[in-house]
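Here the structure is laid out as structure tokens; the discussion comes afterwards.
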Amino acid sequence: MSLEICDITKSFGGFRALDGVRLTIETDALFGIIGPNGAGKSTLFSVISGFVAADAGEVRLNGNRIDALSPPQRARAGMLRTFQVPREFSHLTVRENLMASAPDQTGESLLGLFFRPGQVRTEEAAIAETVERTMAFLKLDKVADVPSGKLSGGQKKLLELGRALMVQPKLILLDEPFAGVNPVLIGEIMERIKELNARGIGFVIIEHDLEALTRLVPRLAVMDRGKVLAEGAPAAVLEDPVVREAYLGGVS
Amino acid sequence: MFYAQLFVNGLFQGLVIGLAALSITLVFGIARFPNAATGDSMTLGAYAALAAHKASGSFIVAGLGAASATGIVLLLAYWSVFRKLAGRSVVALLVASIGIAFLLRAVLGVAFGHGQQVFQIPLARPYIFGGLRILPLDLQMALVALVTLIAVFGLLYLTAIGRQMRAVADNRDLARVSGIRPGRVMVALWLLAGAVAGIAGMMLGMKTIVTPEFGWEMLLPAFTAAILGGIGSPVGAVVAGLILGAMQEFSTPFVGFTYKIAIAFLIMLAVLLVRPRGLFGRVEGVR
Amino acid sequence: MTTNRRQFIGTLGAASALIAAPSVLRAQPQGVFRIGALCPVTGAGAPYGSGMQKMITAAAEIVNAAGGAAGRKIEVVSEDTQTSPQAGVLAAKKLIDVNKVQAILGTWSSGVSLAVVPLTNDANIILMNTSGAPALSVPPANAKGLSYRFQATNDRFGRAFAEICAKEGFKRPATMAFNNASGIGNTEGFRKAWEAKGNKVVANVVYEPNQPSYRSELQKVLAANPDVIVTGSYLSDTTIIMREWFQSGQPVKWIIPGWAANPDLVKATGPEVVEGVISVDSISNETAPSFKAYAEVYEKATGQSGQSNIFSAMTWDMVHALALAIEAAGSTETAAINAKIREVSNPEGTKVYSYAEGKEALKKGKINFEGASSVLDFDQYGDVSPSFGVFFIEGGKLNRRYVVNI
Amino acid sequence: MEAYLVAIGIIALIYVLLSLGLTLQYGLTGLINFGHVGFFAIGAYTSALLVMNGAPFIVGFAGAALLAGIAAWPIGLVSLRLRDDYFAIVTLGFSEVVRIILTSERWLTNGVQGIPGIPRLYSDLGGAAGQIATFATILAVTVAAAWMIRRIAGSPFGRIIEAIRDNEEAVQALGKDPPRFKIQVLVVGAALAGIAGAFYAHYITYIVPEQYIPLVTFYVWMAIIMGGVGRVSGAVIGSVILMAFLEGSRFIRDVVPWISEVDMASVRIGLVGLLLILFIIYRPQGLMGDYTKR
């Protein structure tokens, strides 16, 4: 079971954001991607999740090509993503954000809403229960009824993770989950990720914070200028001279 | 020959559409919203040109009057309305621009009355080129459009402020980082977009008659041309205006004179669905 | 929601009770006959509307000065239609329900008249309009015969055009119509009348308002090589068309309705362009004493000449015809008044030109009121048939050559 | 007096119905529909033509809702692919095309001559009673529509459309297809406008293409912006203010006599413009507060 990224290339105007990226990631792994600004990390996520179409290359999930699938279809296949800048539904409360994320609700269609009210009520009760558990797990229960636009940056990151969890994911792509988050909360989030991974959910994590990432993931890839420079265990990768040259700017 | 003549008629009408579309595309590219006040700005330009023409008897003065009056009024609109909406949604700006359109029309209606006004232009028989009738007035009009375009493109490509405008249009954040002051760019933008709309209004007024309502009707074809040309592309807007004008007239033997107005809409729809970035547009999508 | 529903039912009950209230509440004050002046004071009809309204008030004052009608004073309540059917309906509702008027006078555009006439029919009161749409003559609009039209229908205009066309010896007419009820009404009326004479129309073009140019439309019409073009047009589009036609250089004659081919057109295009254009207009009864009386009052009220607004001559006549019918009926019942309107306006009878004169003559026998806008004879549909003046534009002046009666 | 108020009430309720449709589309979902009047026109013509050809009123109204809804379908399909502002322009163009079709297809719509003599609701009850019954019917329909929209707003469906309004891509990232929701919203809002159109046709009894100009759309926008975007109470209050404005302008000349009659139409449209600008700048949440203050 794996996510395979084969020779993905993507240009914006004359700028080559991804240049033949090739990676294979086990879907139950904890996998990190690091790289400087503009290395193409977020673009890679957008290509994997279907928001940006690649110019060339293939994306396979469990051996099946998914390039033709729309972003929602990819999400329904169990591969969720979060965004670098949190995209909470700002006028909805935390609870509503999570309830909205539950999949396959009868009340999501107007016909179901008006003609199967009993079914809708039953489902709502079940979803509410799941939401309570998710909020407790992510320690969001204190802000359950706060409009999500008013949350702190870290809480928004947690909420994004929570929404993804509501969809019963197999693999979550986390885009900079620690950026702008206070250190205490970073520890918290890392614990949650480890717990979830232990339950079989895979993570691919883009991160700036090298130190945080090396504590979390057993394997990572380094990207620069749209290319993967190296891949492997953090210690080995960081010793790679090419990586040191490109990413760490020669700092020893 | 019948069709060739229709085609030529359309091209000259397309000049006005193209200039209006140029004003829209400048604003859309830089201020990032569809300015629904463009049509009524044209009306303002036409009245300003009328007044200047009556006072001076010179069409050059009339053109300058149209350009400066409309530019200044749009700049005032920017200062008093659009600037206050910075950071708000596109809807807010769009609705505000409709408000400005209505307000302009009302003021012009009260100030100049609802009766029609005309430019006192001596009428002349057409030149005939191989059976095609071409009016001297249309040729003069084309010259005015050409001068306007040269001025606009000169400004955009040869001056510092023009380069800054294009930089902001390309990437606002990048432009800010590189030290461009958006305030100055916006002032230049509104003056320029207003001046172009004003000239377009004067041309429309010279071809037809001037009433307080006449500019609004140009909005749909002008938006269409802006989209067809590719939002943010000045060259595209003008070329698309010409194409649109020609297509509208060319279609009349087949669809009649009523449905030719709907042609603009169908073209717009087709472009948006098939090639959203238009003829000359950048990659930036419409989705 | 429950409170809402209860409140709603309560309100509904109260409202029905009030409206179904005994007729005592609805009765008019003694000694007054109230009429509604429902004119296009704002909107597209604004150039005429306020003059029309003023003439209704002024004529009512004259009637009252002569002792009123059937012993009652005429009282006028004014409202604005905004030249919009929706606003017109609301205004008519107000006049009928709040002011309890017994007749509504002065609706102008066909859209407003067509929307108001069901209300006046329901309320069983008279409506007098100046609209052109043929639909107003027949049921359902005029199902009760309570609606009177003081303006020539568009159809009649068209027939006049055909008459002139024949008289001038044109053989190959084409038409150009502004795409609205009045524009198409004119050219369709022309086409029907012309084809009824066994002739053919070589081209028909309908064009849209507010176009930057009508060159392609013209091109199509001229391609048929007509010797005359008959239009159903307005001033603004006619201005553009005439200028573009002149520049095309193809010789052709024009027959244009008077509201488009007028001194404003000459001013807009210059005299050279419109030289020889034939302008057709329904003409007021300008030699009659009634017109003189009207024109005097109109000039005093507005500072403009009586000829500048034919619709206000019509509203002037409305009050006169209505008041004379009331006087003749000796009653304020709608049915009784309605029965007398044709009797006091149409021949046979002593010709009278003012209210006082008519009131006096009524004592002796039948009268025939001759109005300011026309001789005011209503046909079976309640339509007048005014005369049409045929004007030729010569050297920038409109010279009347002859008059056509349909 | 009462009958006049009932008449104003009927027109006001027609605007409430229109505003409710827009509240669902723009207020809750964020769709900038600038072509509302097109659906209003489709409803008016559909019901008028059906009833005048012998169909019962209920069929006329159902047809109006259905056809307006169906017309929204292709517009919905287009909306899937367009950004907000483009969608606004497309819908504006759509309503103009509707007007052009109504003008041109004379065999069906009688073109610019319009359709006179459209049957009124409850005409057999006679003037006052029929009027009250009409008012009661449209009130009942409006209350039902308001109830439906509140129900939608508080439902799983409502959560998603508000989520779409707040961030469409995030909704996609959760495995949900925004187009599915947008189309439903457009169809329901259009159907409401269609029903409003049917009421309008059977109340005014005369319809003509020139009644269906974009200004009507912007009247409705003015109503919801003044009332408060995304709230049922906002739609109601906004429509009441709009009606007071439209009818009340009869009295403006009494207050400011130096405005000539001819200029009143200009003053009216200028005030619409000014109010739009002022509300957008200084009170974007409207009088009743918008969805942020629910």
Side-chain angles (χ1 to χ4, degrees), chain A residues 45-46 49-51 70-83 85-93 95-114 117 120-121 123-124 127 147-150 159-160 163-169 172-173 175, chain D residues 24 27-30 69 72 76 80-81 144-145 147-192 228-231 284-285 289-294:
Chain A
F45 265 21
S46 291
S49 56
F51 284 92
S70 70
Q73 283 172 322
R74 296 185 202 203
R76 289 199 290 268
M79 187 174 67
L80 276 291
R81 75 166 292 186
T82 67
F83 294 93
V85 179
R87 298 197 175 182
E88 75 286 355
F89 307 132
S90 53
H91 297 106
L92 302 185
T93 63
R95 178 179 278 119
E96 287 168 334
N97 263 270
L98 294 172
M99 292 199 65
S101 309
D104 303 323
Q105 304 177 37
T106 305
E108 275 181 7
S109 98
L110 288 178
L111 289 179
L113 184 60
F114 285 100
V120 173
R121 263 195 302 277
E123 284 179 15
E124 284 287 270
I127 294 169
S148 58
K150 301 216 162 80
L159 177 59
E160 287 238 322
R163 282 197 318 211
L165 291 177
M166 289 299 297
V167 194
Q168 294 151 5
I172 301 180
L173 313 176
D175 199 341
Chain D
L24 179 63
L28 295 176
T29 321
L80 326 181
R81 312 186 42 156
W147 171 82
M148 180 185 75
I149 286 177
R150 291 189 73 136
R151 177 79 198 276
I152 289 176
S155 74
F157 184 88
R159 284 195 301 253
I160 306 285
I161 58 176
E162 291 185 60
I164 291 172
R165 178 196 62 206
D166 285 353
N167 198 311
E168 189 170 339
E169 283 201 338
V171 173
Q172 290 182 301
L174 293 169
K176 298 177 195 295
D177 286 307
R180 231 186 74 211
F181 298 91
K182 286 181 175 179
I183 288 187
Q184 294 185 54
V185 159
L186 278 171
V187 167
V188 170
L192 284 178
V229 166
R231 293 179 61 116
Q285 74 274 29
D290 65 357
Y291 49 79
T292 60
K293 302 257 163 48
R294 219 180 15 234

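Lettering of chains follows the sequences in order, A, B, ..., and the numbering in each one begins at 1.
Between the CZ atom of D:R151 and the CG atom of A:L113 there is a distance of 5.0 Å, given to the nearest 0.5 Å. Once rounded to the nearest 0.5 Å, the distance linking CG of D:L28 with NE2 of A:H91 reads 12.0 Å. For the atom pair CG (A:L110) and CD1 (D:I161), the distance works out to 8.0 Å, reported to the nearest 0.5 Å. Taking CZ from D:R159 and CD1 from A:I127, the interatomic distance works out to 6.0 Å, rounded to the nearest 0.5 Å. Atoms CG and CD, on D:D166 and A:E88 in that order, are 8.0 Å from each other to the nearest 0.5 Å. In this structure, CD in D:Q172 is found 9.5 Å from OG in A:S49, a value given to the nearest 0.5 Å.
Of the residues considered (A:S109, A:P72, A:A75, A:S101), A:P72 shows the highest number of contacts with chain D, using heavy-atom pairs under 4.5 Å. Options D:G158, D:G175, D:S155 differ in how many heavy-atom pairs under 4.5 Å they form with chain A, and the most are formed by D:G175.
Of all heavy-atom pairs spanning D:M148 and A:F114, the tightest one is CG-CZ, 3.5 Å. For the pair D:A173 and A:L80, the tightest heavy-atom approach, listed with the atom from each and the gap, is O-CD1, 3.1 Å. The minimum heavy-atom distance linking A:F89 with D:A170 is given by the pair CE2-CB, 3.7 Å.
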What verdict does the side chain to side chain contact (heavy atoms under 4.5 Å, CB included) test give for D:K176 and A:V167, after you've listed the backbone C-alpha separation in whole Å, the side-chain angles of each residue and the deciding distance to 0.1 Å? CA-CA 10 Å; D:K176 298 177 195 295; A:V167 194; over 6 Å; no
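With a 4.5 angstrom heavy-atom cutoff, D:I164 does not touch chain A via any of its atoms. Interface remark: A:E124 contributes side-chain atoms only to the contact with chain D (heavy atom separation under 4.5 Å). Contacts of A:Q105 with chain D are made by side-chain atoms alone, with heavy-atom separations under 4.5 Å and no backbone atom involved. Contact annotation for D:V188: only side-chain heavy atoms (C-beta onward) come within less than 4.5 Å of a heavy atom of chain A. For a residue to count as touching a neighbouring chain, one of its non-hydrogen atoms must lie under 4.5 Å from one of that chain's; by this rule A:A77 does not touch chain D. For a residue to count as touching a neighbouring chain, one of its non-hydrogen atoms must lie under 4.5 Å from one of that chain's; by this rule A:P147 does not touch chain D. Contacts between A:S70 and chain D at a heavy-atom distance below 4.5 Å involve the side chain alone, from C-beta outward. If you measure heavy-atom distances from A:S90 to chain D, the contacts under 4.5 Å come from both the backbone and the side chain.
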